[in-house]
Amino acid sequence: MTTSAKPLSVAVIGAGMAGRSHAAGYRNVNTVFGAGLPPVRLAAIADANVALGEDAARRYGFERALPSWEAVAEDPTIDAVSIVVGNALHRPIAEALVAAGKHVLCEKPLAGSLEDARAMAELERGAEVVTAVGYTFRRSPGIAAIRDHVRRGELGDLTLFSGRYWCDYATDPNGPLSWRFRGGAGSGALGDVGSHIIDAAEYVAGPIATVSGASLSTQIPKRPLPLGAVVGHNAAPVSDEFGEVENEDTASFTVRFESGLVGTFSVTRTGFGLPNGLAFDVLGLGGRAAFDQHRPAEYLFDDAQPEARTRGARQIIAGPQMPYFAGGVPMEAPGVGASNADNFTYQARAFLDQVAGVGEPLPACATFADALRTMEIIQAVVASSRAGGTSVAVPPAA
């Protein structure tokens with residue numbers, strides 16, 4: 001594929017914080033990893049909040065804002081679409097887009113219910129277009145490097161995976177009762193941020209076989225109803241009327257991987273002072289590694305140095321020796337950083353590589369089937385919690 005080929009026309013449905021991240025990613029795809037993609041036409045951003053959509057389209061150079069996702073589905077000139085709206089809307093939008101012959105990149109979690117997720121995975125099996133899910137942390141140079149260490153056996157036999165995703169966006173009891181606080185057990189912190197750390201764990205350490213010891217809790221059981229639209233995790237005007245929070249603020253659980261490895265997890269949206277705290281440690285008999293999203297341009301690594309007096313965790317600074325870095329940043333030198341925004345660019349490039357049939361594409365995006373599996377693990381956590389922490393099996397990985 002050459003840059004003289006017919007342009008790929010892209011759109012984003014949803015103009016909130018994650019939608020803008022997808023928009024920025026599409027804008028930057030032809031600035032990374034050299035030639036290969038055809039030109040990308042930034043066609044449209046759709047949002048029912050028209051002013052929000054217009055602002056996002058202006059900021060990220062898209063041709064126009066549309067008032068509905070249906071307008072995107074009906075536009076025959078649009079080739080590929082990101083779905084970045086409330087979870088319960090993913091299935092009907094994906095079904096309409098696939099029926100219209102459009103390639104789909106859907107944000108996580110895959111759907112608002114396990115039933116919808118299964119229907120989307122079935123839709124994928126019969127689709128003649130590319131379908132993908134936005135697990136952006138797979139594109140982190142540090143996380144991808146740790147995965148490589150594990151796959152090469154450089155940590156020895158693994159002994160423990162400890163993962164967490166601690167956030168603070170729901171610590172304010174006066175925060176509005178948005179859609180994030182509705183939907184039942186598993187759709188709160190587990191679905192919102194837990195899906196990311198579960199996917200990262202399987203990406204690094206392999207499939208999870210069982211879940212046990214689960215506990216779900218809600219620290220703020222009621223929240224004020226919003227008076228208007230709520231964008232992302234932002235504050236918004238609220239009424240004097242309160243509604244019930246329907247899902248969990250915090251969850252903890254243990255797992256056993258198919259390899260026999262034990263894992264411990266905790267997730268929360270009420271962790272004061274932790275804006276985006278995805279982190280994990282993976283320990284082995286011959287080494288260990290750790291990653292913290294609050295320090296995304298590095299990871300820690302320790303192994304058996306020849307002399308005990310020089311052993312200890314080493315700070316590995318992001319540089320061209322890591323996945324995605326070479327060709328993925330303007331200044332290809334160690335110490336110039338790596339960010340969440342870069343991950344979205346790499347993800348958008350990988351998705352469009354698949355769509356365009358690029359000869360040497362980036363590693364493919366997660367599939368609907370992958371994201372269904374994450375939701376099955378989340379439901380096993382819920383089932384374990386309801387049964388007093390008993391062990392619950394996860395369907396085998398395909």
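Remember, it's a predicted structure, so these values are computed and weren't measured experimentally. All values below were derived from every heavy atom in this structure, side-chain atoms included, with hydrogens, water molecules and symmetry-related copies excluded.
Side-chain atoms of Leu158 and Leu155, non-hydrogen and from C-beta on, do get closer than 4.5 Å to each other. With contacts defined as side-chain heavy-atom distances shorter than 4.5 Å, the pair Ser140/Asn343 qualifies. Leu177 has its side chain within reach of Val245: a pair of non-hydrogen atoms, C-beta onward, lies under 4.5 Å apart. The closest side-chain heavy-atom distance from Ile143 to Val204 is below 4.5 Å. A heavy-atom distance below 4.5 Å is not found between the side chains of Arg269 and Ile220. Side chains of Asn247 and Leu190 form no contact here, defined as non-hydrogen atoms less than 4.5 Å apart.
Using a distance-only test at 3.5 Å, with no hydrogens or angles considered, no donor-acceptor pair links the side chain of Arg256 to the main chain of Leu261. The main-chain N or O of Leu362 is found under 3.5 Å from a side-chain atom of Asp353 such that the two form a donor-acceptor pair. In this structure a side-chain-to-backbone donor-acceptor pair under 3.5 Å is missing from Ser384 to Ser391. Proximity of a side-chain donor or acceptor of Glu332 to a complementary backbone N or O of Phe325 within less than 3.5 Å is not detected. Judged by distance alone, with hydrogens and angles left aside, the side-chain atoms of Asn49 form a donor-acceptor pair with the main-chain N or O of Leu52 at under 3.5 Å. Looking at Arg20, its side chain does come within 3.5 Å of a backbone N or O of Ala15 through a donor-acceptor pair. Side-chain atoms of Arg164 never come within 3.5 Å of backbone atoms of Ser266 as a donor-acceptor pair (strictly under, hydrogens ignored). Listed for the Glu246 side chain is a donor-acceptor partner under 3.5 Å among the backbone atoms of Gly183. In this structure a side-chain-to-backbone donor-acceptor pair under 3.5 Å is missing from Arg288 to Leu300. A donor-acceptor pair under 3.5 Å is formed between the side chain of Asp370 and the backbone N or O of Thr367.
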Handout entry: Stepwise side-chain contact (heavy atoms from CB on, under 4.5 Å) test for Arg147 and Arg138
Key = CA-CA 10 Å; Arg147 182 178 190 249; Arg138 292 189 178 199; over 6 Å; no

Exercise for the section: Show your working on salt bridge (Lys or Arg N to Asp or Glu O under 4.0 Å) between Asp55 and Arg58 and close with a plain yes or no. Expected result: CA-CA 5 Å; Asp55 180 66; Arg58 175 187 62 79; 2.8 Å; yes

Exercise for the section: Check the pair Leu274, His294 against side-chain contact (heavy atoms from CB on, under 4.5 Å), reporting the backbone distance first and the verdict last. Expected result: CA-CA 9 Å; Leu274 293 161; His294 287 152; 3.8 Å; yes

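The only member of Ser239, Pro176, Pro237 that meets side-chain contact (heavy atoms from CB on, under 4.5 Å) when paired with Pro226 is Pro176.
Judged by distance alone, the side chains of Asp168 and Thr171 never bring a donor and an acceptor atom under 3.5 Å apart. Counted by atom type alone, Thr345 and Asp342 present zero donor-acceptor pairs between their side chains at under 3.5 Å. A donor-acceptor contact closer than 3.5 angstrom links the side chains of Thr131 and Glu124. Side-chain atoms of Thr374 and Glu376 form no donor-acceptor pair, as typed in the model, at a separation below 3.5 Å. Side-chain N/O atoms of Tyr60 and Asn28 include no donor and acceptor closer than 3.5 Å. With hydrogens and angles left out, the side-chain atoms of Thr254 and Ser212 include a donor and acceptor closer than 3.5 Å. A donor-acceptor contact closer than 3.5 angstrom is absent between the side chains of Glu248 and Thr218. When only modelled atom types and interatomic distance are considered, Ser385 and Ser215 share no side-chain donor-acceptor pair under 3.5 Å. Counted by atom type alone, Thr268 and Thr250 present one or more donor-acceptor pairs between their side chains at under 3.5 Å.
Residues Ala201 and Phe257 come closest through the heavy atom pair O-CE2, 4.0 Å. What you find for Gly186 and Leu216 is that their closest heavy atoms are N-CD2, 4.2 Å.
Between His196 and Tyr165, the ring-plane angle classifies as tilted under the 30° and 60° cut-offs.
Two rings, from Phe33 and Tyr346, have their centers less than 6.0 Å apart. Annotation: Tyr26 is not in aromatic contact with Phe62 [ring centroid separation under 6.0 Å not met].
For the pair Arg182 and Trp179, the NZ or CZ position fails the cation-pi test of under 6.0 Å to the six-membered ring centre and within 45 degrees of the ring normal. Judged by the 6.0 Å and 45° rule, Arg139 forms no cation-pi pair with Tyr324.
Tyr135 and Val282 are assigned to two separate hydrophobic clusters, defined by single-linkage of ILVMFWY side chains at heavy-atom distances under 4.5 Å. Tracing side-chain contacts under 4.5 Å through hydrophobic residues (I, L, V, M, F, W, Y), one reaches Phe301 starting from Phe161; they form part of the same cluster.
More than 12 non-hydrogen atoms from other residues, nucleotides or ligands lie less than 6.0 angstrom from CZ of Arg152.
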Exercise answer: donor-acceptor pairs, residues 84-107 side-chain atoms, under 3.5 Å, sequence neighbours excluded:
residue : atom : partner : partner atom : Å
His90   : ND1  : Pro109  : O            : 3.2
His90   : ND1  : Leu110  : O            : 2.9
His90   : NE2  : Val85   : O            : 2.9
Arg91   : NE   : Glu95   : OE2          : 2.9
Arg91   : NH1  : Asp116  : OD1          : 2.9
Lys102  : NZ   : Asp75   : O            : 2.5
Lys102  : NZ   : Ile78   : O            : 2.8
His103  : ND1  : Val130  : N            : 2.9
Glu107  : OE2  : His22   : NE2          : 2.9

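One finds the OG1 atom of Thr159 at 4.5 Å from the CG atom of Leu283 (value rounded to the nearest 0.5 Å).
Ion pair Glu122/Arg125 flagged as a salt bridge, since at least one NZ, NE, NH1 or NH2 atom sits closer than 4.0 Å to an Asp/Glu carboxylate oxygen.
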